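Below is one structure, written out as structure tokens; the observations come after it.
Every value quoted in this text rests on a predicted model; they were computed, and no experiment measured them. Note: hydrogens, waters and symmetry copies are ignored here, and every other heavy atom, side chains too, is used.
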Amino acid sequence: MSTLLPKLEYLTISKCPEIESFPGGGMPPNLRTLWIFNCEKLLRGPAWPSMDMLTNLHVWGPCDGIKSFPKEGLLPPFLTSLYLYKFLNLETLDCKGLLHLTSLQQLEISGCQKLENMVGERLPVSLIKLTIKGCPLLQKRCRTKHRQIWPKISHIRGIKVDGRSISDQG
């Protein structure tokens, strides 16, 4: 694919429930933004090789079988923005699966009704903006600075929960 579409910068993969991995030989070298809609097997599969050029990733559910995301080593290492939308059964955000994203600056989580927990030490220290909306269980834990959640996110300068800024002050 890298030689077929060398100038491709944006790609959408939608409703491909049987896709388990990206093609061998790598993705187009100029690919910067990828949207993935309802491709559960791809999100549960092996690490995504040859995706170092990718900086923005948008992932949409429903992905009914995913209760924890992402698994360690799955996501491309140089992401600067990650958006997670409408994972219907997502219960846990796995910080270990994000720690290798040392360039990640923005994380948005939206419409994950069952999301309540974060496991692992903390979100990446590079994060400067965290937005959580439509995730009532996690939103409550963030607003109350719950002892299991707050230490994982308190280093982030810009935290918005359901449109309201929260911080370590007050």
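To the nearest 0.5 Å, atom CG of residue Leu93 and atom NZ of residue Lys152 are 10.5 Å apart. Here OG1 of Thr80 is found 10.0 Å from CG of Leu101. Values are rounded to the nearest 0.5 Å. Rounded to the nearest 0.5 Å, atoms CD1 (Ile66) and OG1 (Thr92) are 12.5 Å apart.
Nearest heavy-atom pair, Ser126 versus Leu104, reported as atom, atom and distance to 0.1 Å: OG-O, 2.6 Å. When every heavy atom of Met27 is checked against every heavy atom of Met51, the shortest pair comes out as CG-SD, 3.0 Å. Of all non-hydrogen atoms in Lys41 and Ile19, the two that sit nearest each other are CB-O, 3.3 Å. Taking all atoms of both residues into account, the shortest heavy-atom contact from Leu127 to Gln106 is CD2-N, 3.6 Å. Closest non-hydrogen pair, Leu137 versus Lys114, comes out as CD1-O, 3.8 Å. For the residue pair Arg122 and Leu99, the shortest heavy atom distance occurs at O-CD2, 3.5 Å.
Screening residues 46-63 for salt bridge (charged side-chain N to carboxylate O under 4.0 Å, His left out), with sequence neighbours left out, gives no hits.
In terms of hydrophobic clustering, with Ile, Leu, Val, Met, Phe, Trp and Tyr side chains grouped at heavy-atom distances under 4.5 Å, Leu123 and Leu74 are assigned to a common cluster. Residues Val119 and Leu115 are members of separate hydrophobic clusters, defined by side-chain heavy-atom contacts under 4.5 angstrom among Ile, Leu, Val, Met, Phe, Trp and Tyr. There is no path of hydrophobic side-chain contacts, each under 4.5 Å, that joins Tyr83 to Val161.
Annotation: side chain to side chain contact (heavy atoms under 4.5 Å, CB included) contacts of Lys67 (sequence neighbours excluded): Glu91.
At a threshold of 4.5 Å between non-hydrogen side-chain atoms, the residues Ile109 and Phe69 do not count as touching. Proximity of Ile156 to Ile128: side-chain heavy atoms (C-beta onward) are nowhere separated by under 4.5 Å.
The number of heavy atoms from other shown groups lying within 6.0 Å of CZ (Arg157) does not exceed 12. Within 6.0 Å of NZ in Lys71 there are more than 12 heavy atoms belonging to other residues, nucleotides or ligands.
Between Phe37 and Trp60, the two ring planes are parallel [angle under 30°; tilted spans 30° to 60°].
Between Glu108 and Lys133, at least one side-chain nitrogen of the basic residue sits less than 4.0 Å from a carboxylate oxygen of the acidic one, meeting the salt-bridge criterion.
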When you look at Leu107 and Thr131, which way does the side chain to side chain contact (heavy atoms under 4.5 Å, CB included) test go after all the steps? CA-CA 6 Å; Leu107 173 61; Thr131 304; over 6 Å; no
